[in-house]
Protein chains: 2
Amino acid sequence: MRREVTLRDVAELAGVSSRTVSNVVNGYANVTEHTRERVQRAVEQLGYRPNVLARNLAQGRSGQIAVVVPYLDTPYFSELLQSVIRAARKSGYNVLIDQTDGDPEHERAFIAHGSRRLLFDGIIFSPLGLDQQALADRDPNLPLVILGERSSDGSFDHVGIDDVAASRQATEHLLDLGRQRVAAIGDQPYATGEAAQRRTQGFREAHAARGLTPREDLIISTPRFNRPDGARAMAHLLDLPEPPDAVFCYSDLVALGAIRTIVSRGLRVPEDVAVIGYDDIEDGRFSNPTITTISPDKEMIATTAVERLLLRITSATPPEGLEVRAPHKLIIRESTAGPGHRSC
Amino acid sequence: MRREVTLRDVAELAGVSSRTVSNVVNGYANVTEHTRERVQRAVEQLGYRPNVLARNLAQGRSGQIAVVVPYLDTPYFSELLQSVIRAARKSGYNVLIDQTDGDPEHERAFIAHGSRRLLFDGIIFSPLGLDQQALADRDPNLPLVILGERSSDGSFDHVGIDDVAASRQATEHLLDLGRQRVAAIGDQPYATGEAAQRRTQGFREAHAARGLTPREDLIISTPRFNRPDGARAMAHLLDLPEPPDAVFCYSDLVALGAIRTIVSRGLRVPEDVAVIGYDDIEDGRFSNPTITTISPDKEMIATTAVERLLLRITSATPPEGLEVRAPHKLIIRESTAGPGHRSC
DNA sequence: CTACGCTTTTGCAGCGCTGCAAAGCAAAGC
DNA sequence: GCTTTGCTTTGCAGCGCTGCAAAAGCGTAG
């Protein structure tokens, strides 16, 4: 492996100082056309490519942001990531991806910045469950944007939809259909389950607004928001003496699992059990039946997160911690409206 | 933002040279217990964390590998990525993710290493379509492992399953069911569609082995392997005067789209049309019906790819380009076997 | 008591680039 | 003609770390 071409090599060939080559390469102003051309030619002739590492070291920044998600194969996250990567690239940033596998220890390690100084300039973090302590222990100098989970304490930005309102809306939709026994799948009644609890809160509020009280045995907890958990929870619900006739699932994956269970027992969606999901992942637009869902504006969440993070990275004094509410909407499909319903 | 703690700061506090601190931090041999302890204490007291950038620059490596995939939100890729990230992390490497959005120009830019020298030490590349030229133009010094698409020319490793054999097996399964008009969705009869063409080849071979010739109008091309393409292609097939009674879809996503179309027309899967997919993504295990599919050993593909790449990165002389065949198996589910079929 | 071999520690240079401030230079002003 | 002004170009130091080879320490042998 021969030595790589450096700035100095180019400088020598072009007969200028290496600093001038650097100026040309970085497109700085104040370089005569003549010089620029000469340098440009030398660059091409030698096939020079800047050493990003050296540049970063000299500049004291890495040009990378880390995105931390629990699971990469969860469609919601991969769809979000896709937009994040695009937005970051547009600003010249690379994206380093890390998955925590939902391990709280792992999440904590990440936010503490661990031993990886300068590997990235900031973090976009979508925690599964992050306790107050972990947040308090974090490196205060590391720009941070949190997605979804918890609201800002002022030292970082938070971007997410209004979970309580969205969940209330979802539940109201089921009640509007005239369903009598509406269940909820996905509660997480423990410290790290804030996001889940907000959904449960919306679920309760929707009932309360009509003078109803949800049956407690219809609120099912699940460790994760995935298909198997949804399938299992639904099986449990159907085994009840008085099974539900509608279910609010805290993610589309849970809904897909739940529907699978319902259908495999010979029941029909939505006739026997109406199902509503959350996230609006592509799967739900092509499943049988298609899934009614809460659709967060993922594109906006992603671009806002990147925007805020870059602002934090580049600004001298850390900006006020912002609480960004992304819009969401209810998308009605077959799993509540019946076959043939065209989604909007 | 105060200055970060450096090796020198620690050295000063511990009363040793900075080189010794480096030795301790990196766990090099030949450091007395006494010294190690003193240094350790100083490290903790100051909260020292190594600057990865500086280390990498000094060592001439970045400790990062890039994984390039067409689309991050395609479950097959995100499932694969998940395993790749895990395997890389285990060896102390970080993973930089890039999506090409299926843009050949973008793919070419990546493999040429572009202007990003030393940002990563090697690439795991899962191209959508990569022509011979792009491969020829690539940076020969950049360790490369290619997934799926094309076989090795000796200068890189290739990891993938035997597409022809797997496709033949899939098609045979449909023929074994006694289906008369077996269609194929996903052909790509142009330069960059090698992977698709291998599947079509297997499709033809399966027919030929029984003295049959597939109807050409039942082989449908699609630009991508996603749900909408599958849905569209299936609609076209069902509009034929003699529609198929079985379909081999070149990905599970295509199968999901196809099934959606079939069901929404009031037909049944598999009674009216049997459907088989490819990739064994989680979606297909919870869809209605569940999808019979070709299941590649993704875990092995991922770990082998990482293993080979790291070998290339660390070995002085580039190893022989290896052609790795990962195993696959046919998993029979409801979309061909009928309701209630338990997957293996 | 010196010499030798071993382990431990150190100093220095340098990875390739950029920030900074000074130097060079040509055109404009007095 | 000489100074001033403003644009170009340059030199140097240094980002924080590691490779290298030399130096120091230290126990043992001659």
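Labels below follow one simple rule: chain letters A, B, ... track the order of the sequence lines, proteins then strands, and each chain is numbered from 1.
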Options [options], nucleotide nearest the side-chain atoms of [X]:
X: A:A58; options: C:dG16, D:dC17, D:dT10; answer: C:dG16
X: B:R19; options: C:dT10, D:dT10, D:dG16; answer: C:dT10
X: A:N51; options: C:dT9, C:dT18, C:dG16; answer: C:dG16

Integer-rounded Å distance: [N] [atom2] and [X] [atom1]:
X: A:E4; N: C:dC17; atom1: CD; atom2: P; result: 10 Å
X: B:L7; N: C:dT9; atom1: CG; atom2: P; result: 16 Å
X: B:R49; N: D:dG16; atom1: CZ; atom2: C1'; result: 14 Å
X: B:L57; N: C:dC17; atom1: CG; atom2: P; result: 9 Å
X: B:R61; N: D:dC17; atom1: CZ; atom2: P; result: 15 Å
X: B:R8; N: C:dG11; atom1: CZ; atom2: P; result: 11 Å
X: B:L119; N: C:dC17; atom1: CG; atom2: C1'; result: 15 Å
X: B:D121; N: C:dC15; atom1: CG; atom2: P; result: 18 Å

For A:P318, give me all partners under side-chain contact (heavy atoms from CB on, under 4.5 Å), at least two apart in sequence or on another chain.
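Applying side-chain contact (heavy atoms from CB on, under 4.5 Å) to A:P318 gives A:R312.
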OP1, OP2 of [N] versus side-chain N and O of [X]: anything below 4.0 Å?
X: B:Y28; N: D:dG19; value: yes
X: B:S22; N: D:dT18; value: yes
X: B:S17; N: C:dG11; value: no

Which sits closer to the 5' end of DNA chain C, B:A54 or B:G15, going by the nucleotide each is nearest to?
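Looking at DNA chain C, the more 5' nearest nucleotide goes with B:G15.
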Classify [X] by what it touches in the nucleic acid, base, sugar-phosphate, or nothing, heavy-atom distance under 4.0 Å.
X: A:N23; answer: base
X: A:R55; answer: sugar-phosphate
X: A:N56; answer: nothing

Quick one about [Y] and [X] (side-chain donor to acceptor, distance below 3.5 Å, no hydrogens or angles considered), yes or no?
X: B:D121; Y: B:S62; value: yes
X: A:S155; Y: A:R138; value: yes
X: B:N23; Y: B:R19; value: yes

As a test of understanding, state which of B:I85, B:V67, B:L81 forms a side chain to side chain contact (heavy atoms under 4.5 Å, CB included) with A:I97.
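That would be B:I85.
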For nucleotides 6-8 of chain C, list the nitrogen or oxygen atoms of the protein found under 3.5 Å from its nitrogen or oxygen atoms, one pair per line.
| residue | atom | partner | partner atom | Å |
| --- | --- | --- | --- | --- |
| C:dT8 | OP2 | B:N30 | OD1 | 2.6 |
| C:dT8 | O3' | B:T32 | OG1 | 3.4 |

Taking the six-membered ring of A:Y93 (Phe, Tyr or Trp), confirm whether the NZ or CZ of A:R61 is under 6.0 Å from its centre and within 45° of its axis.
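Yes; both conditions hold, so A:R61 lies above the ring face of A:Y93.
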Side-chain contact, heavy-atom cut-off 4.5 Å: A:L96 with A:L119?
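A:L96 vs A:L119: side chains touch.
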Nearest-0.5 Å distance, CG of residue A:L309 to CG of residue A:L144
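Separation between the atoms: 8.0 Å.
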I'd like to know if B:D101 pairs up with A:R86 as an ion pair, taking the criterion as any Lys NZ or Arg NE/NH1/NH2 lying under 4.0 Å from an Asp or Glu carboxylate oxygen.
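Yes, charged N to carboxylate O under 4.0 Å.
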Lys/Arg-Asp/Glu bridge criterion (N-O < 4.0 Å) met for B:E44, B:R41:
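No, no charged N to carboxylate O under 4.0 Å.
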So for the helix from C:dC1-D:dG30 to C:dC30-D:dG1, with five pairs setting each end axis, what is the inter-axis angle to 10°?
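That helix gives 70° between its end axes.
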